[in-house]
Asks: 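My questions all concern the structure below.
Protein chains get the first letters and strands the later ones, always in sequence-line order, with residue 1 at the start of each.
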Amino acid sequence: MPAPASSLPDAPQEILDDTAIDAVIDWFTVAGRDLPWRHDDTSSWSILVSEIMLQQTPVVRVLPRWLEWMHRWPTPRDLDEAPTAEVLRAWDRLGYPRRALRLKDCAHAIVTDHDGEVPRGPEALRALPGIGEYTAGAVTAFAHHGRAVVADTNIRRVLVRSVRGEASPGAAFTASERALATNVLPEDPARSVRWNQAVMELGALVCTARSPRCDACPLSSRCRWFTAGRPAQQGPPVRRQAFEGTDRQMRGRIMALLREGPASVDQVLGLADSTADDRPQRCLDSLVRDGLATLEEGTVRLP
DNA sequence: AAGACGGGGCG
DNA sequence: CGCCCAGTCTT
């Protein structure tokens, strides 16, 4: 008869107890980066914008785009009223430009349904375009200072390593991972916010995917992965999607062309790698379908 | 549950 | 040149 999970010596709360939480928060106080969306005077909306931009995009690449963006469109109303083509140009090469469209739709929904204020609560946030489980939690924690599970790739990696002793989280955010994050989340809201910020930063700067700097980690002495000798991943590695030669790459090329200005269909089709490359036609169609391009009388342009 | 969806920079 | 990044939406 196995002991109940809560009494196991490696229960999440015992690995990441109050002392460990303090250690991570103290580390963050000293080593955390000074990022503009962490400043006290940052609006809820600008924090939401940063979270959308940071989806699958590193901080260093987001920083300049976010600064320009917030200067240009400081409120949801400003973005709602902006021309879509200008929004897509300002998105520049952040990637996944559908995010920019969704962000503009999100601004419209906030203006229309919430009187221009970022709504509170996971349900209301999740109902907004482009906001999923992670971003709803991040906005709740970082913009509204509320208690919420925030589970980005950095936090998931720290938890899985320190508590489970595994090298990296799986592709999906599973129910058991959600339970783990919930179990270690401090009860006090202010402390939970600080913990979320701190552990995310720890994953970004120290407990990194490629070359973790365990010598600089406040959790190393109790980290199950470190104390076990940093074992390699057990199961099959998470499958990465290719990029070279894909439709995604071609869509990116077409969007880059359109950011320069209107283009002829022939120009777009000329982006093919070979005469047998049928991607340009297919991708042009998909971009129009997504609302990222318009096609009229043989001219392609941003919407 | 699996696949689509960008792009760049580091080791 | 492979790997990874503050995920979301669709099927």
Side-chain angles (χ1 to χ4, degrees), chain A residues 28 32-33 35-38 42 46-66 88 91-103 105-106 125-143 148-159 167-175 177 181 193 196-205 207-213 233 236-259 279 282-283 285-287 289-292:
Chain A
F28 175 65
R33 290 167 293 184
L35 300 173
W37 45 82
R38 288 177 178 162
T42 305
S46 61
I47 291 174
L48 188 156
V49 172
S50 79
E51 292 298 343
I52 300 291
M53 289 184 173
L54 287 162
Q55 291 168 1
Q56 299 289 285
T57 308
V59 166
V60 288
R61 202 135 47 94
V62 165
L63 206 37
R65 297 294 109 238
W66 181 85
L88 289 172
W91 193 258
D92 197 38
R93 289 173 291 182
L94 286 180
Y96 298 129
R98 293 191 294 195
R99 287 185 294 168
L101 247 34
R102 293 196 193 111
L103 185 54
D105 291 342
C106 180
L125 288 167
R126 284 292 302 266
L128 297 171
I131 298 201
E133 180 175 7
Y134 161 76
T135 306
V139 170
T140 296
F142 305 144
V149 167
V150 180
D152 77 315
T153 187
N154 292 310
I155 294 183
R156 291 178 60 212
R157 187 172 52 249
V158 174
L159 296 183
S168 61
F173 182 50
T174 61
E177 270 191 45
V193 170
N196 279 325
Q197 290 175 325
V199 68
M200 184 181 294
E201 190 78 334
L202 186 68
L205 298 184
C207 192
T208 58
R210 201 92 60 98
S211 346
R213 302 164 44 197
Q233 184 72 339
V238 178
R239 275 190 74 83
R240 301 286 166 188
Q241 294 173 332
F243 180 60
E244 196 66 28
T246 61
D247 283 8
R248 261 159 67 226
Q249 180 187 44
M250 182 55 68
R251 284 167 56 104
R253 287 185 194 166
I254 296 173
M255 289 303 292
L257 178 63
L258 297 184
R259 283 195 300 269
R279 289 180 300 160
R282 181 174 61 248
C283 291
D285 291 343
S286 77
L287 288 172
R289 199 159 48 240
D290 286 346
L292 288 165

Asks: Regarding B:dG6, can its base be found pairing with the side chain of A:Thr57 as donor and acceptor, where the two atoms are less than 3.5 Å apart?
Replies: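 Indeed there is one.
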
Asks: With a 4.0 Å cut-off on heavy atoms, is A:Gln241 in touch with a base, just the backbone sugar-phosphate, or nothing at all?
Replies: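 Base: the residue A:Gln241, judged by heavy atoms under 4.0 Å, touches a nucleobase.
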
Asks: Map A:Arg126 and A:Arg61 onto DNA chain C by nearest heavy atom, then report which one ends up closer to the 5' terminus.
Replies: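 Upstream on the strand: A:Arg61.
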
Asks: When the distance from CG of A:Asp290 to P of C:dT8 is rounded to whole Å, what number comes out?
Replies: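 These atoms are roughly 18 Å apart.
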
Asks: From C-beta outward on A:Leu35, which listed nucleotide comes closest to its side chain: B:dC10, C:dA6, B:dG7?
Replies: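 The nucleotide sitting nearest to the side chain is C:dA6.
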
Asks: Taking the side chain of A:Ala209 as heavy atoms from C-beta outward, which of C:dC5, B:dC5, C:dA6 is closest to it?
Replies: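 Among the listed nucleotides, the one closest to the side chain of A:Ala209 is C:dC5.
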
Asks: Considering heavy-atom distances to DNA chain B, does A:Ser211 or A:Arg99 have its closest nucleotide positioned more toward the 5' end?
Replies: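 Final value for this comparison: A:Arg99.
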
Asks: At 4.0 Å (heavy atoms only), tell me whether A:Trp37 reaches a base, stays on the sugar-phosphate, or touches nothing.
Replies: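 Base contact.
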
Asks: Quick one: A:Met200 CE to C:dG7 C1', roughly how many Å, whole number?
Replies: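 Atom CE in A:Met200 sits about 12 Å away from atom C1' in C:dG7.
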
Asks: Take atom C1' in C:dT10 and the same atom in B:dG7, then report the distance between them in whole Å.
Replies: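 Taking atom C1' in both C:dT10 and B:dG7, they lie 22 Å apart.
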
Asks: Heavy-atom nearest nucleotide on DNA chain C for A:Val59 versus A:Ile131: which residue maps closer to 5'?
Replies: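 The residue mapped nearer the 5' terminus is A:Val59.
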
Asks: Applying side-chain contact (heavy atoms from CB on, under 4.5 Å), run through A:Leu125 and A:Thr135 and close with a yes or a no.
Replies: CA-CA 8 Å; A:Leu125 288 167; A:Thr135 306; over 6 Å; no

Asks: Can you find a donor-acceptor N/O pair under 3.5 angstrom joining the side chain of A:Gln56 to the base of C:dG7?
Replies: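 For A:Gln56, whose side chain was compared with the base of C:dG7, there is a donor-acceptor pair (under 3.5 Å).
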
Asks: Please measure how far the P atom in C:dA6 lies from the corresponding atom in B:dG3, and state the result in whole Å.
Replies: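 That atom pair is separated by 24 Å.
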
Asks: Quick check: are there more than 12 heavy atoms from other residues, nucleotides or ligands sitting under 6.0 Å from CZ of A:Arg38?
Replies: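 Yes - once you tally the heavy atoms of other residues, nucleotides and ligands closer than 6.0 Å, there are more than 12.
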
Asks: Considering only the P atoms, how many Å lie between C:dT8 and B:dG8, rounded to the nearest integer?
Replies: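 After rounding to an integer number of Å, I get 23 Å for this pair.
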
Asks: As a test of reading the structure: which of B:dG8, B:dG9, C:dG7 is closest to the side chain of A:Arg210, going by heavy atoms?
Replies: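 For the A:Arg210 side chain, the nearest candidate turns out to be B:dG9.
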
Asks: Please give, in whole Å, the distance from B:dA4 C1' to A:Arg289 CZ?
Replies: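 In whole Å, B:dA4 C1' and A:Arg289 CZ are 12 Å from each other.
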
